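Have a look at the structure below, then the notes.
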Protein chains: 2
Amino acid sequence: TIYGITPTYSRLAQKADLTRLSQTLMLVKNFHWIIIEDSETKTKLVENLLKESGLKYTHLNVKTHKAKHSTASGVEQRNAALDWLKGHLNQIEDKKGVVYFMDDDNTYSLKVFDEMRKIKRVGVWPVGIVGGMRVEMPLVTDGKISGFNAVWKPFRPFPIDMAGFAINSTLFLDYPEAKFSRKVQSGFQESEILKYFTTKEAMEPLAEFCTKVYVWHTRTQHPSILNVKKLKHPPVPDDHIEV
Amino acid sequence: TIYGITPTYSRLAQKADLTRLSQTLMLVKNFHWIIIEDSETKTKLVENLLKESGLKYTHLNVKTHKAKHSTASGVEQRNAALDWLKGHLNQIEDKKGVVYFMDDDNTYSLKVFDEMRKIKRVGVWPVGIVGGMRVEMPLVTDGKISGFNAVWKPFRPFPIDMAGFAINSTLFLDYPEAKFSRKVQSGFQESEILKYFTTKEAMEPLAEFCTKVYVWHTRTQHPSILNVKKLKHPPVPDDHIEV
Ligand SMILES: O=c1ccn([C@@H]2O[C@H](COP(=O)(O)OP(=O)(O)O)[C@@H](O)[C@H]2O)c(=O)[nH]1
Ligand SMILES: O=c1ccn([C@@H]2O[C@H](COP(=O)(O)OP(=O)(O)O)[C@@H](O)[C@H]2O)c(=O)[nH]1
Ligand SMILES: [Mn+2]
Ligand SMILES: [Mn+2]
């Protein structure tokens, strides 16, 4: 099973982003979507979208209380998902699987899911359009990771994006203390979780030894909406329409 | 058959956008993708993506030569697709189908394709996040279009986005002169093509009488890439990696 962990928050393009992501996931076999809303309560929008998708899913919610010094997104949400996952794995027979942290606005080729089924402990691969580069990627020498191509904070222990790795799910039972933290500086969440499980040398380079891009850190433009109440000829109200 | 007509051009997020769109289209039955590159020659990137998708497709190309007074995108490309389509329909027995103009960065719910199979002549529905509004939509009274909710150029004959309608394909054989034009002002391409086929009153309001949003005019952020050559520690060159 691939456990995809996706924090999500309310915004104008949320339903669009979740819709196209869900339609990609419909094509992935043995996929379980853990979606965690950054909100006090679960919304009807996300609930209905998940129900109608036909996907296997778990719907959670936890509201972020951002500290002044830490504006990282998704920390509490991903940790809530990991807590749920450990409880779930303890209850089922077949614990085999991988955990993949999937932001809701990224673009995932189906190929990245094929790659992660090969993982023994921790697999890595390139991520397109991130960190000021066309592609951030592990560098591979003789089949082993020898370094990382990254220009944004290259001093990070693991200078890779959340979309660039997945982890054998049973490792979360072996290291139950593994989680994300509000105490690290921006860009260090990936390193924070990876440090529990692996070293640079032990990572498994996938996607043809990290030469292929199967995932992109795309972002959806925040649309600018006119304040229609100020118009001479205001349109008919549309608040009753879910967008 | 649904004929989806998609102009596309080379840019950093092109492969990401086409990848997620193609993965949505894999779930649509009886779909034929006509993709037209805005380029002098067909690219390997698009060619391989189409081949690997398993979709039924036609791959064309025509380079835009933008006039100073007209910066509209996709005009020549959509016209080339319509020319191809007329030739194709003349050769096949079963001419039944609809034509849908699909930009490569929009978000399409599977539901919009179900709606357009109901079309007799021209069907319309709301489009999310466009024209400065949460949703641009036809207004329906007693099952007929009585007006349009739009605040951007509401004086357009049909103030709706390209993603908000589809047309019975045989109408293009009945009106072979129907095409897009470089001679109209920005925002008038939709009106330009629709005027050949329909009137406001004759349009068929779909998506539960135009109360549901099944397509969104999303845009993918143009990423900013660092000029890595200027860096003290430049990364390993990545030009050989297709992103
Ligand atoms: O206040 C927020 C902001 C973001 N996110 C989620 O956290 C992930 C990463 O956020 P985003 O895509 O905005 O980050 P970036 O593109 O800057 O990496 C996404 O799945 C978001 O939906 C969230 O739960 N709460
Ligand atoms: O120079 C260009 C710009 C755009 N397009 C295509 O035309 C459509 C509409 O362009 P875009 O999405 O940039 O327009 P907007 O989001 O502003 O409506 C898309 O399918 C693009 O890939 C094109 O073929 N050549
Ligand atoms: Mn993001
Ligand atoms: Mn667009």
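Owing to the predicted nature of the structure, the values given are computational and were not obtained by experimental measurement. Just so we're on the same page: letters track the sequence lines, and every chain starts at 1.
- Counting non-hydrogen atoms of neighbouring residues, nucleotides and ligands closer than 6.0 angstrom, the NZ atom of B:K153 exceeds 12 such neighbours.
- For B:P235 against A:N149, the heavy-atom pair with the smallest separation is CB-OD1, 3.3 Å.
- For B:L139 against A:V236, the heavy-atom pair with the smallest separation is CD1-CG2, 3.9 Å.
- Ranked by heavy-atom pairs under 4.5 Å with chain A, the list B:G131, B:G128, B:S224, B:A16 is led by B:A16.
- By the 4.5 Å heavy-atom criterion applied to side chains, A:V213 and B:E242 are not counted as neighbours.
- The shortest distance between side-chain heavy atoms of B:R20 and A:T218 falls below 4.5 Å.
- Between the CG atom of B:L49 and the OG atom of A:S109 there is a distance of 8.5 Å, given to the nearest 0.5 Å.
- Interface remark: B:V228 contributes side-chain atoms only to the contact with chain A (heavy atom separation under 4.5 Å).
- Of the atoms belonging to B:I241, heavy atoms from both backbone and side chain fall under 4.5 Å from chain A.
- Counting heavy atoms of neighbouring residues, nucleotides and ligands inside a 6.0 Å radius, atom NZ of A:K144 does not exceed 12 of them.
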Requested in this report: Show the numbers, then the answer: is there a side-chain contact (heavy atoms from CB on, under 4.5 Å) between A:H240 and B:T211?
Outcome: CA-CA 9 Å; A:H240 59 294; B:T211 62; 5.9 Å; no
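- In this structure, the side chain of A:Q23 engages the main chain of B:Y108 through a donor-acceptor pair within 3.5 Å.
- You'll find the side chain of B:Q221 stays beyond 4.5 Å of the side chain of A:T220, heavy atoms only.
- Inter-residue side-chain proximity for A:W216 and B:T19 is flagged as met; some heavy-atom pair is nearer than 4.5 Å.
- Under a 3.5 Å cut-off, the side chain of B:R134 and the backbone N or O of A:I225 do not form any donor-acceptor pair.
- Contact between B:I129 and A:A13 at its shortest, heavy atoms only, is CD1-CA, 3.8 Å.
- Annotation: maximal heavy-atom pairing with chain A below 4.5 Å, among B:V215, B:D105, B:L12, occurs at B:L12.
- At a 4.5 Å heavy-atom cutoff, the contact between A:L231 and chain B is made by side-chain atoms alone.
- Between chain B and the residues A:N106, A:L110, A:T24, the most heavy-atom pairs under 4.5 angstrom are made by A:L110.
- Contact of B:N227 with chain A is not made at all, since no heavy-atom distance falls under 4.5 Å.
- Atom CG of A:L21 and atom OG1 of B:T107 lie 11.0 Å apart (nearest 0.5 Å).
- Salt-bridge formation is detected for the pair B:K111/A:E52: a Lys NZ or Arg NE/NH1/NH2 atom is positioned less than 4.0 Å from an Asp or Glu carboxylate oxygen.
- Considering only heavy-atom pairs separated by less than 4.5 Å from chain A, the leading option among B:K212, B:H217, B:M137 is B:M137.
- Of the listed residues (B:D239, B:L27, B:D17), the one with the most heavy-atom contacts under 4.5 Å to chain A is B:L27.
- For the pair A:M133/B:L226, no side-chain contact is recorded, criterion being any heavy-atom separation below 4.5 Å from C-beta on.
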